[in-house]
Amino acid sequence: MHPSASNSCVKASCSPWAAFLPSSVFSESSDYSEAEVLPDSFPSAPAEPLPEFLLEPEDAFIVKNRPVQLRCRASPATQIYFKCNGEWVNQNDHVTRESLDQITGLVVREVDISVSRTQVEELFGLEDYWCQCVAWSSAGTTKSNRAYVRIAYLRKNFEQEPLGREVRLEQEVLLQCRPPEGMPAAEVDWLKNEDVIDPSQDSNFLITIDHDLIIKQARLLDTANYTCVARNVVAKRRSSTATLIVYVSGGWSSWTEWSQCNAQCGRGWQRRTRSCTNPAPLNGGAFCEGPPFQRVTCTSLCPVDGGWTEWAKWSACGTECTHWRSRECQAPPPRNGGKHCSGSMMESKNCTEGLCTRMSVTVSPPPPALAPGMGVAVYAGLVVALVLCVILALCVGVLAYRRRRRHLHGDITDSSSALTTAFHPGNYKPPRQDNPHPLHPSAPPDLTATAGAFRGPLFSLQHGVNDSPHKIPMTTSPLLDPLPSLKIKVYNSSTLSSLELPTDMGPGDGEILSLKSVGTVGRERDFHSHTLSREPGLSTSATLGNLGGRLTIPNTGVSLLVPPGTIPQGKFYEMYLIINKWDKTTLPSEGSQTVLSPVVSCGPSGMLLNRPVVLTLPHCAQLDTPTPDWTLTLKTQTHQGAWEEVLTVGEETLSSPCYLQLEEECCHVLMEQLGTYGLVGQSCPPQPACKRLQLALFAPRAPCLSLDYSLRIYCIHDTPHALKEVMDLERSLGGVLLEDPKPLLFKDSYHNLRLSIHDIPHTHWRSKLLAKYQEIPFYHIWSGSQRPLHCTFSLERGSLAVSQLTCKICVRQVEGEGQIFQLLTDIQETLPPHSPLPSGGSCLPSSQVGPYAFRLPDSIRQKICASLDAPSARGCDWRLLARSLGFDRYLNYFATKPSPTGVLLDLWEACHQGDADLVSLATALEEMGKSEVLVVMTTDGDC
């Protein structure tokens with residue numbers, strides 16, 4: 001045999017596909033080799049590329065008993081065959097088609113096979129039934145991806161079906177659905193009254209990856225039947241229908257105006273109604289609670305017609321020969337719209353019965369002249385009588401003046417009245433030389449170096465030329481002469497204080513008189529089982545009496561208003577106001593509660609008050625949401641150190657000892673018991689509450705002489721006191737505020753606060769932080785137990801010549817809000833420090849004593865109270881004033897006070913501490929129709 005022929009036979013027989021190739025291929029080769037001898041060499045042909053699959057077999061599912069077709073296509077390919085589960089499919093089971101690619105001229109071969117349900121079921125093992133296509137050419141072989149063939153099915157029973165329910169309006173709704181097990185996995189659709197729900201068309205619907213349906217806010221139109229539908233290539237299954245009912249609980253409309261009194265004269269009734277239509281209950285919602293009408297008694301004054309009194313006696317006969325008599329319409333006088341008397345009030349007639357004669361004038365001769373001696377005696381007697389009258393008038397004036405001055409001390413509660421030598425009040429005594437410590441052991445501690453400064457007028461020892469002798473003029477000049485040391489002792493049932501007026505008063509102390517407590521320096525007093533430490537800038541005190549006053553801790557937003565009449569007449573108290581430091585007191589929060597205000601102590605505790613005082617506390621709760629997110633609670637600390645709830649806002653009862661007026665940044669507490677107080681809060685489901693925080697960025701004071709440089713970011717409450725505390729701390733550490741603090745809303749979501757630094761110029765600076773960011777735990781911020789919270793970013797510059805630093809610091813709550821600091825600073829340049837002014841108002845003095853602490857004059861206050869305290873049948877009384885001022889959240893608290901209007905005005909004074917003008921109050925009174933009070937305010941006030 002020719003060697004060439006033998007070689008070709010070897011090539012054919014060596015092919016692993018020889019068993020599958022058609023026999024004609026080998027027979028034609030044999031015939032050719034026997035008929036003609038092959039040449040020694042053939043012309044070279046271009047190399048054929050590897051086969052490339054144009055179509056690969058895809059996964060398929062056998063539905064019921066229908067077989068599936070697998071197809072593949074490759075080019076160039078001399079042969080294509082399927083291999084299933086590692087075994088070659090018989091050649092007879094292949095359906096082959098061959099074509100020619102018109103562009104490339106290569107042969108395209110396509111092969112189909114059929115896989116039946118029996119073939120798949122006969123496979124044993126864990127692996128699914130699979131098939132793979134193999135194509136080859138002269139250059140080699142290529143394998144396709146595996147295609148899996150599975151038997152399709154869908155179970156009948158749902159793993160979890162949706163359940164019907166009733167929900168209130170705007171509530172979030174979750175309808176759960178777990179489809180039956182199937183192959184392939186079933187797709188899920190939701191039907192609402194047999195219509196398919198498309199979340200892209202209605203954003204109020206959301207279908208989760210677990211096939212649950214979420215209705216974000218239930219609407220009335222969402223009341224429907226909901227069905228979960230599961231389907232795949234085999235079948236479709238429907239769950240049981242879940243009926244969702246969105247109900248609306250009823251709400252009362254506003255009260256109608258009071259009806260007219262049903263009795264025109266005497267006792268009757270007035271009635272007003274409301275309806276349960278705001279909104280009306282729907283779909284089984286609860287009906288409004290409470291009565292639909294109210295009825296009060298009324299008294300209509302009966303009209304009384306006027307009646308004449310008896311005629312008076314006739315007058316004497318006049319020169320015109322007439323006399324007259326009169327009567328008055330006072331028996332009874334007309335009242336309540338009664339008719340006036342008819343007729344004339346006066347009557348006259350001729351008193352001579354018509355016989356009127358003119359009187360003649362007789363000229364008498366002049367009296368004889370007095371003797372010379374008798375004229376001197378007459379004139380001397382007149383002079384003596386005149387002198388006696390002048391002396392008597394002077395005595396009466398002196399007695400009246402002394403009596404007036406004796407009672408003046410009841411109207412002046414500060415010690416400035418002791419500066420006049422014209423009188424000495426009965427409770428002022430000179431000091432005893434044998435008692436260096438006259439204070440009672442129960443007296444309160446010396447909380448300030450100087451007691452509250454009295455900014456009222458001093459009373460001078462001199463009178464002006466035109467001043468009345470019964471009036472002590474006010475002056476702003478210095479005191480005329482320094483007075484000797486004088487101690488003022490004031491006794492009452494609970495405290496005993498001794499005040500000393502210094503002898504070395506400078507000439508500039510005439511307008512401001514400082515009261516200094518003696519005998520208490522260096523003493524400490526146990527208060528609520530812990531020491532109330534006096535910190536600079538965190539406390540104030542003043543001696544107050546019956547005229548009241550105001551204590552204010554500057555730049556903190558904390559103040560205490562003591563209205564006139566709170567302290568009994570003739571008594572004085574050394575009152576104090578302290579912000580407790582966080583590291584020296586136990587916090588009032590517990591569980592999920594958070595502290596929202598500073599913890600403040602006011603005293604002395606156990607002090608007898610005739611009317612409520614107003615304590616103002618700043619807070620950091622975010623309150624501008626349309627729905628209430630907070631449950632706010634006021635707490636007080638007992639003498640044993642434990643915290644007790646005083647009241648919860650919105651849940652007041654008649655037994656509540658306080659009233660809390662809530663504003664966006666502060667709250668005002670009306671209370672009659674001094675002590676230690678704090679405001680706490682917790683989220684009110686379903687919405688999470690937010691706290692207002694401040695982010696303050698500090699750096700070392702320039703110039704920086706080290707290669708190391710640090711940036712400190714504090715996370716503090718958005719209250720003036722918290723910012724002041726951090727400013728004082730950084731000032732002691734040598735830090736400076738780089739820019740104004742930025743606000744941040746921190747949500748009750750259990751997510752931490754994340755801080756990171758970016759865009760550092762790495763050519764000159766290097767960050768020492770190993771991690772990408774720092775985090776402050778959520779609980780540390782929310783509980784408020786750690787103060788102050790901060791993170792430090794430590795940087796290092798390449799050389800001392802580098803002075804410019806630019807970077808970006810990002811602070812945000814994970815999945816919440818955030819802020820960015822864009823920093824561009826020269827660390828060698830001394831910048832003026834930022835000094836943001838807190839909302840507490842630094843221009844307000846630490847204490848104000850007497851009438852000068854109040855914007856509303858006492859005369860106007862008394863006339864407003866007299867006009868509004870008495871209940872009005874039309875409701876135009878103090879209740880309408882409370883609604884006009886926004887103090888009507890719980891009117892029963894004011895109704896229990898002797899003068900509800902007075903307490904409302906005290907609260908108004910506290911709410912308008914920094915900007916108190918009478919315009920807002922006058923506007924409220926004008927809307928009420930109280931014109932007579934407006935006249936008083938216009939004439940007496942500065943409205």
Side-chain angles (χ1 to χ4, degrees), residues 691-718 722-723 725-747 749-782 784-836:
K691 289 177 66 172
R692 291 181 290 105
L693 302 180
Q694 280 185 313
L695 304 174
L697 177 61
F698 290 87
R701 183 175 288 109
C704 180
L705 304 179
S706 172
L707 294 177
D708 295 331
Y709 193 75
S710 61
L711 299 172
R712 292 183 296 276
I713 298 182
Y714 288 82
C715 176
I716 58 177
H717 285 173
D718 188 9
L723 181 59
E725 184 181 20
V726 171
M727 295 287 291
D728 295 341
L729 175 62
E730 278 294 325
R731 190 178 297 112
S732 64
L733 297 176
V736 60
L737 183 66
L738 295 183
E739 61 181 274
D740 291 338
K742 294 182 180 292
L744 177 69
L745 291 181
F746 192 79
K747 186 180 295 184
S749 61
Y750 302 98
H751 290 294
N752 298 338
L753 187 69
R754 182 171 296 177
L755 302 93
S756 57
I757 188 168
H758 308 273
D759 301 339
I760 301 175
H762 295 288
T763 56
H764 302 293
W765 291 87
R766 181 180 66 87
S767 174
K768 294 184 178 181
L769 183 65
L770 300 179
K772 293 183 179 180
Y773 54 83
Q774 302 182 67
E775 284 191 347
I776 300 178
F778 166 84
Y779 179 75
H780 289 177
I781 300 177
W782 193 255
S785 59
Q786 300 187 12
R787 296 281 181 120
L789 294 170
H790 75 281
C791 279
T792 301
F793 291 96
S794 299
L795 306 175
E796 184 180 6
R797 51 180 172 165
S799 65
L800 294 177
V802 178
S803 62
Q804 295 290 333
L805 173 60
T806 60
C807 64
K808 182 169 63 176
I809 299 178
C810 300
V811 183
R812 70 179 183 91
Q813 186 182 14
V814 179
E815 299 185 9
E817 297 188 9
Q819 286 284 5
I820 297 178
F821 290 89
Q822 296 284 355
L823 185 61
L824 174 59
T825 182
D826 189 342
I827 66 174
Q828 302 296 350
E829 181 182 358
T830 303
L831 300 176
H834 287 264
S835 299

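The structure presented is a predicted model; accordingly, all values stated were derived computationally and were not measured. The figures here come from the full heavy-atom set of this structure, side chains too, leaving out hydrogens, waters and symmetry mates.
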Can you tell me how far the CH2 atom of Trp765 sits from the CD atom of Glu796, to the nearest 0.5 Å? 9.5 Å
Looking only at non-hydrogen atoms, find the nearest pair between Pro700 and Ser710 and report the distance. CD-O, 3.1 Å
Could you check if a side-chain atom of Val814 sits within less than 4.5 angstrom of a side-chain atom of Glu775, using non-hydrogen atoms only? yes
Below 4.5 Å, heavy atoms only, C-beta onward: do Arg812 and Leu744 meet side chain to side chain? no
For residues 816-823, run the donor-acceptor check on the side chains, cut-off 3.5 Å, and write out each pair with its distance to 0.1 Å, sequence neighbours left out.
{"unit_1": "Gln819", "atom_1": "NE2", "unit_2": "Pro743", "atom_2": "O", "d": "2.8"}

Cys807 side chain near Leu711 side chain, heavy-atom distance below 4.5 Å: yes
Looking only at non-hydrogen atoms, find the nearest pair between Val736 and Arg701 and report the distance. CG1-CA, 4.2 Å
Minimum heavy-atom distance His717-Leu693, with the two atoms named: CD2-CD2, 3.9 Å
Nearest heavy-atom pair of Ile776 and Asn752: which atoms, and what distance? O-CB, 3.5 Å
Please check if the side chain of Glu739 supplies one atom and the backbone of Leu697 the other of a donor-acceptor pair under 3.5 Å. no
Close side-chain approach of Leu795 to Leu805, heavy-atom, < 4.5 Å: yes
Apply side chain to side chain donor-acceptor pair (under 3.5 Å) to Asp759 and list each qualifying residue two or more places apart in sequence or on a separate chain. none
Provide the closest heavy-atom pair for Ile781 versus Lys691 in the form atom of the first, atom of the second, distance. O-NZ, 3.5 Å
For a 4.5 angstrom cut-off between non-hydrogen side-chain atoms, does Arg797 reach Cys704? yes
Could you tell me which residues satisfy side chain to side chain donor-acceptor pair (under 3.5 Å) with Glu815, sequence neighbours excluded, listed by chain and number? His751
Decide yes or no on side-chain contact (heavy atoms from CB on, under 4.5 Å) for Ile760 and Arg766, but give the supporting numbers first. CA-CA 8 Å; Ile760 301 175; Arg766 181 180 66 87; over 6 Å; no
For residues Phe793 and Leu755, determine if any side-chain heavy atom of one lies less than 4.5 Å from a side-chain heavy atom of the other. yes
Run the ring pair (Phe, Tyr, Trp, His ring centres under 6.0 Å) test against Phe698 and tell me which residues pass, sequence neighbours left out. Tyr714
Are any non-hydrogen side-chain atoms of Ser794 and Asp708 less than 4.5 angstrom apart? no
How long is the gap from CG on Leu753 to CD on Gln774, to the nearest 0.5 Å? 11.0 Å
Which atoms form the tightest heavy-atom contact between Ser803 and Asp826, and what is the distance? CB-OD1, 3.2 Å
With no hydrogens and no angle check, is any side-chain donor or acceptor of Trp782 less than 3.5 Å from a backbone partner on Tyr750? no
Residues that Ser749 engages under side chain to side chain donor-acceptor pair (under 3.5 Å), provided they are two or more places apart: Gln813
Could you list the residues that satisfy side chain to side chain donor-acceptor pair (under 3.5 Å) with Lys808, not counting sequence neighbours? none
State the OG1-CZ distance between Thr792 and Arg712, to the nearest 0.5 angstrom. 6.0 Å
